[in-house]
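Numbered from 1 within each chain, the chains take letters A, B, ... in sequence-line order. Please read all numbers here as calculations on a predicted model, not as lab measurements.
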There are 2 protein chains.
Amino acid sequence: MAEPRAGESRNADTRERILDAAERLFMAHGYEGTSMRQITGEAGVNLAAVNYHFGSKESLVQEVFRRRLDWLNDERMRVLDELEHEAAGRPLKPSQIVDGFFGTLLRMADDEARGGMTFLRLLGRTLIEPSEFIRTFLAQEYRTVVERYKEALFKALPDVPKAEIVWRFHFMLGATSYAIAGTDALRLVTDWQIEDEATMDRLDHLLPRLMSFLLGGLRAPLPQLNEGGQI
Amino acid sequence: MAEPRAGESRNADTRERILDAAERLFMAHGYEGTSMRQITGEAGVNLAAVNYHFGSKESLVQEVFRRRLDWLNDERMRVLDELEHEAAGRPLKPSQIVDGFFGTLLRMADDEARGGMTFLRLLGRTLIEPSEFIRTFLAQEYRTVVERYKEALFKALPDVPKAEIVWRFHFMLGATSYAIAGTDALRLVTDWQIEDEATMDRLDHLLPRLMSFLLGGLRAPLPQLNEGGQI
DNA sequence: TCCATGTTCATACGTTTGTTTAAAACATAA
DNA sequence: TTATGTTTTAAACAAACGTATGAACATGGA
């Protein structure tokens with residue numbers, strides 16, 4: 001380990017250590033289930049450090065997400081810009097759009113410097129986090145990106161009602177959320193000791209699997225909606 | 001309101017009042033985010049009542065789920081028994097199985113006596129709840145039912161690798177979870193003021209929408225898995 | 001050297017947490 | 001009525017919570 005050079009360097013180091021510890025603990029135990037003392041303990045810093053550097057626990061969790069989401073959503077925007085530029089006006093293929101949004105997300109798992117699997121699992125279970133202010137915060141962070149991808153899907157699937165696309169976007173988010181929430185949640189479906197456990201959580205298998213599923217759902221035949229009263 | 005007749009009647013009433021309040025509050029604020037004082041306050045009972053009737057907060061939340069899941073999973077078993085009996089050995093259609101598992105769940109929303117939408121939304125966000133002991137508990141409660149439906153899917157889709165089906169079951173759970181987690185989570189995708197808000201959350205629309213999506217995903221073309229190293 | 005600035009530290013504050021206690025109130029049956 | 005078991009009640013408990021404070025320390029420029 002390299003010695004921190006001096007004041008400002010230690011400063012930045014402390015912030016990062018706190019963010020890393022908070023990310024891991026929020027992932028494991030949730031926001032309300034994680035205490036300041038756990039965070040500062042695991043980070044090896046003083047209890048008061050969080051309030052000094054971030055102001056409050058609420059601000060801390062927001063910074064935990066912002067640190068990763070800023071890059072992710074910028075990247076998603078960049079990818080969509082590039083796709084639309086190459087398409088030169090013609091509508092994109094749904095698979096391109098889905099990969100731009102969800103593929104870009106899942107590929108973060110390979111990048112340990114961007115939070116890797118830890119952040120992905122945290123995000124996966126936080127989109128439907130009980131804590132009101134976190135959901136509100138995430139909704140704001142995602143607003144513009146989701147809006148652009150929604151519009152792209154509208155153009156790519158002109159024959160599908162917009163409300164239908166919105167719902168299917170929502171369903172895709174759910175499937176992806178479970179996909180990355182990881183082996184914890186998978187215990188619901190598998191019997192702990194699955195024969196090919198080793199290959200179950202290979203990331204290079206997860207992405208194509210999820211992508212097939214999402215596209216299958218997105219392009220499914222439209223349901224017959226009974227416009228009258230009861231079903 | 002009918003007067004409670006006598007001792008045992010008041011007893012049961014207090015228990016039910018606590019369970020109802022806890023269900024609603026856990027749905028709104030999560031397990032860790034809900035205090036005993038909130039629960040007993042909303043239920044209109046004494047603070048000590050929870051510990052007297054249920055022993056602890058952990059036992060309470062387990063009873064909240066058990067009260068609904070017992071019926072749900074029995075019903076799922078019954079439906080699958082019936083389907084397999086009618087099929088008389090021949091494999092079921094995937095749509096029948098999916099409807100038996102997820103349709104039975106969603107149709108609970110119409111039954112206010114079974115918890116209705118409140119319990120559904122609670123369940124939706126609890127399958128990936130951070131609290132370890134809740135996930136463990138749910139995994140146990142679901143074990144046998146999930147196992148039977150998995151087997152049914154294996155038989156219904158003999159050409160699809162079992163690992164693939166397990167994953168897709170998992171994805172379906174995720175999509176369903178988001179579907180029932182309700183309008184809170186939908187804010188991620190919609191712009192608050194959607195034109196046809198009124199029709200967005202009509203339950204008789206949600207079920208066929210979700211079903212199309214799930215079946216589309218379940219029957220999607222198999223992904224090309226790179227059996228070698230990196231993707 | 002001195003001061004100013006930024007950071008760390010131990011400690012304490014006021015609340016809130018889940019749970020326990022012992023007495024009171026109640027219901028049931030002899 | 002008396003005796004017995006069950007349920008409700010107010011009050012208290014220790015522990016943990018997020019946050020605030022002021023002294024100690026380190027650093028860089030004057």
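With rounding to whole Å, A:D13 atom CG is found 15 Å from C:dG6 atom C1'. Look at CD on B:Q38: it is 13 Å from C1' on C:dG18, rounded to the nearest Å. One atom, CD1 of A:I18, and another, P of C:dC9, lie 11 Å apart when rounded to the nearest Å. For the pair B:N46 CG and C:dC26 C1', the interatomic distance rounds to 15 Å; values are reported in whole Å. Rounded to whole Å, the distance from CG on A:L60 to P on D:dC17 is 15 Å. Atoms CE (B:M36) and P (C:dT16) sit 17 Å apart, rounded to a whole Å. Counting to the nearest Å, the C1' atom of D:dA16 and the CD1 atom of A:I39 are 14 Å from each other. Counting to the nearest Å, the P atom of D:dA16 and the CG atom of A:L47 are 14 Å from each other.
B:L72 has its side chain within reach of B:T104: a pair of non-hydrogen atoms, C-beta onward, lies under 4.5 Å apart.
For the pair A:N51 and D:dG18, the criterion of a side-chain N or O lying under 4.0 Å from OP1 or OP2 is not met. Regarding contacts with the backbone of D:dT8, a side-chain N or O of B:H53 is found under 4.0 angstrom from either OP1 or OP2.
The side chain of A:T14 has C:dT8 as its nearest neighbour among D:dT8, C:dT19, C:dT8. Closest to the side chain of A:K57, from the set D:dT8, D:dG18, C:dG6, is D:dG18. Side-chain atoms of B:R37 lie closest to C:dG18 of the nucleotides C:dT8, D:dC17, C:dG18. The side chain of A:A48 approaches C:dC9 more closely than any other nucleotide in the set C:dG6, C:dC9, D:dT8. Listed nucleotides: C:dG18, D:dT9, C:dT8. Nearest to the side chain of B:S35: C:dG18.
The residues A:R67 and A:E63 are annotated as not salt-bridged, no charged nitrogen and carboxylate oxygen being separated by less than 4.0 angstrom. A salt bridge links B:E164 with B:R168: at least one charged nitrogen is closer than 4.0 Å to a carboxylate oxygen. Salt bridge status for B:R107 with B:D99: present, with a side-chain N to carboxylate O gap under 4.0 Å.
Nucleotides of DNA chain D nearest to B:V45 and A:Y31 differ in position, and the one nearer the 5' end is that of B:V45.
If you look at A:F101 and A:F169, their ring centroids are closer than 6.0 Å.
Contacts of A:T40 with the nucleic acid, taken as non-hydrogen atoms under 4.0 Å apart, are absent.
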